[in-house]
Visitor: 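Okay, handing you the structure first.
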Amino acid sequence: MSTHSNKTVYALADVNSMYASCEQVFRPDLKNSPIVVLSNNDGCAIAQNQLAKDLLGMHMAQPWHELEAEGKRLGVKVFSSNYELYAEMSNRFIDTLREFSPRVEVYSIDECFLDMTGINKPLTEYGHLIRDTVKQWTSLPICVGFGHSKTLAKLANHCAKKQPIWKGVCDLTNLNETELNSLLENLQVSKVWGIGSRLEVKLNNVGIHTVARLRKANPKRIRDAFGVLVERTIKELNGEVWLDLDDSEIPLEAKQVLSSRSFGERVTELKDINEAISFHATNACQRLRKQGLYANTVYAFIQNSPFDKATFYSGNETIGLPSPTDDTLRITQAALWLVKRIYSPNIYYQKAGIMLGGLVPKEGQQLDLLGYTDRDSKSENLMIALDGINKKYGRGTLKLASEGIDKTWRMRRSFKSPNYMGDFLELPLINSNIPLGFPLGENLKLL
DNA sequence: TCTGGGGTCCTAGGACCC
DNA sequence: TCTGGGGTCCTAGGACCC
């Protein structure tokens, strides 16, 4: 039906419960187990497979301590986040998708848009081919949705995932107006990409509850009440392309770099805060250099928990740097100076972090008025050495003394799986008689 | 007791300028 | 009853995403 129309068609392919699925790939013994993956610090459940969802009936980012007892009772398998592993699996997923379209936009770690315009095949069939190939090459389960705009492709993907009738592939371009409308009448407006919980309430208040109703709403009036983003969403729901596919190879330059984290346990001492801030400054600078950027401002914050309603304290301040830099020493110095100003004793701090802003490309930086730049060759060489050693021997091999050795504030990662793909010594061993470092079995194909 | 981290974009309002 | 008006830039806050 859509075979000889030249109308734009996008696909959205995404991995089902990405993190949980990644863990399962390396643990075939957990094939039929309920699985939950926790956020940094083991605080919240951020991913769970269908089995765990059915058993625990949890919501996104629910605090794990609320579920832990019940989870244990039901035999739920728990993992801390293992981002190195998920990133590696993500690359394989993306590489596989490139076989099916010349234009692929990597939207997130587990989602890609594909340009399907002019594909001369029945889309549902093609979707199943994509799905089967990804499964075969990476062991990851995915769903595929097709639509005439990104917003519709997202919605189609949602249906493919949630409504068994589609068997994992949903093509909205193949429906006539009546069929489409009856499908959308049964979808809540919050299922639309860009409509979050706040907007849902506001839209409900003006009588818009379903996607079908939102699609028929007057864009001009919606714009006045809810802004340009919602107006654009309505047009996209009607098959107009307002969001283009962005398949540029060069990732967009970051506008800010943030490093922050909750503490493993509450801290009150300035010494511990300083160590944590030094750690975040180091981390942020490393990422800054990786992107070839300089920062102009440093922002630091420390706070106790927003759940401590009566006593909530948040100290934060920004400082402009004399000239743009990516030097860990200089930025740490600035961050620690800020901490001195925002630290207040006798508070049980829960979280700290820094944000680098005013980012500019490293190349072509002008000297400041005095003809002085912070990035002299000595500093440059030091940073190159620092990054080189940490890359070669592992993160944190070389670090500032201000970061401390005995980190009482470090995060918890009690249930982390091994670094299967990034560290030779952590490769899976199927047969314990095989000497360390010689993996066998079905994981071998992933190497 | 325990409650993620890293981003983006838009808008409103104040400061400032002529 | 009046206190100019219009433009730009910056920032804080709100909303969204995964």
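All chains are named by letter (A, B, ...) in the order of the sequence lines, taking the proteins before the strands, and each is independently numbered beginning at 1. The structure displayed is predicted, hence computed values, not measured ones.
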Visitor: I want to check a possible cation-pi pair here: A:Lys150 against A:Phe113, using under 6.0 Å from ring centre and within 45° of the ring axis as the test.
Guide: yes
Visitor: Could you tell me whether A:Gln256 contacts a base, only the sugar-phosphate backbone, or nothing, with contacts defined as non-hydrogen atoms closer than 4.0 Å?
Guide: base
Visitor: I'd like the 5' and 3' limits of the part of DNA chain B contacted by chain A, with heavy-atom contacts below 4.0 Å.
Guide: B:dC2 to B:dT11
Visitor: Got a salt bridge between A:Glu236 and A:Arg232, using NZ or NE/NH1/NH2 to carboxylate O under 4.0 Å?
Guide: no
Visitor: Do the non-hydrogen side-chain atoms of A:Lys220 and A:Asp224 ever get within less than 4.5 Å of each other?
Guide: no
Visitor: When Watson-Crick pairs (N1 to N3 and N6-O4 or O6-N4) and G-U wobble pairs (N1-O2 and O6-N3) count only below 3.5 Å on both distances, what is the dot-bracket string of DNA chain B, with | for other-strand pairs?
Guide: ....||||||||||||||
Visitor: For A:Trp64, which contact category applies under a 4.0 Å heavy-atom criterion: base, sugar-phosphate, or nothing?
Guide: nothing
Visitor: For A:Leu38, report the nucleic acid contact type (base, sugar-phosphate, nothing); a contact means any heavy atom under 4.0 Å.
Guide: nothing
Visitor: With sugar-phosphate meaning primed atoms plus P, OP1 and OP2, does A:Arg287 contact a base, only sugar-phosphate, or nothing at under 4.0 Å between heavy atoms?
Guide: sugar-phosphate
Visitor: Hey, could you give me the CG/CD1 distance between A:Asn157 and A:Ile142, rounded to the nearest 0.5 Å?
Guide: 8.5 Å
Visitor: Name the nucleic acid region contacted by A:Ser259, choosing base, sugar-phosphate or nothing; use a 4.0 angstrom heavy-atom cut-off, strictly under.
Guide: sugar-phosphate
Visitor: How about A:Leu245 and A:Thr8: do any of their side-chain heavy atoms sit closer than 4.5 Å?
Guide: no
Visitor: Expressed as a whole number of Å, how far does the C1' atom of B:dC2 sit from that of C:dC18?
Guide: 24 Å
Visitor: Can we call the ring centroids of A:Trp193 and A:Tyr107 under 6.0 Å apart?
Guide: yes
Visitor: What is the distance from atom CD1 of A:Ile273 to atom OG of A:Ser344, rounded to the nearest 0.5 Å?
Guide: 10.5 Å
Visitor: Select base, sugar-phosphate, or nothing to describe what A:Asp110 touches, counting heavy atoms under 4.0 Å on all strands.
Guide: sugar-phosphate
Visitor: What does A:Ile109 touch in the nucleic acid at a heavy-atom separation under 4.0 angstrom: a base, only the sugar-phosphate, or nothing?
Guide: nothing
Visitor: Just checking A:Ser197: base, sugar-phosphate only, or nothing, at a heavy-atom cut-off of under 4.0 Å?
Guide: sugar-phosphate
Visitor: Evaluate the side-chain proximity of A:Thr173 to A:Met116: yes if any heavy-atom separation is below 4.5 Å, no if none is.
Guide: no
Visitor: Answer whether the closest heavy-atom distance between the side chains of A:Lys351 and A:Phe301 falls below 4.5 Å.
Guide: yes
Visitor: If you assign each of A:Leu258 and A:Gln350 to its closest nucleotide in DNA chain B, which residue comes earlier from the 5' end?
Guide: A:Gln350
Visitor: Output the residues of residues 205-230 of chain A in contact with DNA chain C, where contact means a heavy atom of the residue under 4.0 Å from an atom of the strand; sort by number or write none.
Guide: none
Visitor: Using a 4.5 Å cut-off on heavy atoms from C-beta on, say whether the side chain of A:Val104 contacts that of A:Asp247.
Guide: no
Visitor: Can you confirm whether A:Glu231 sits close enough to A:Trp242 that some side-chain heavy atom of one is under 4.5 Å from a side-chain heavy atom of the other?
Guide: no
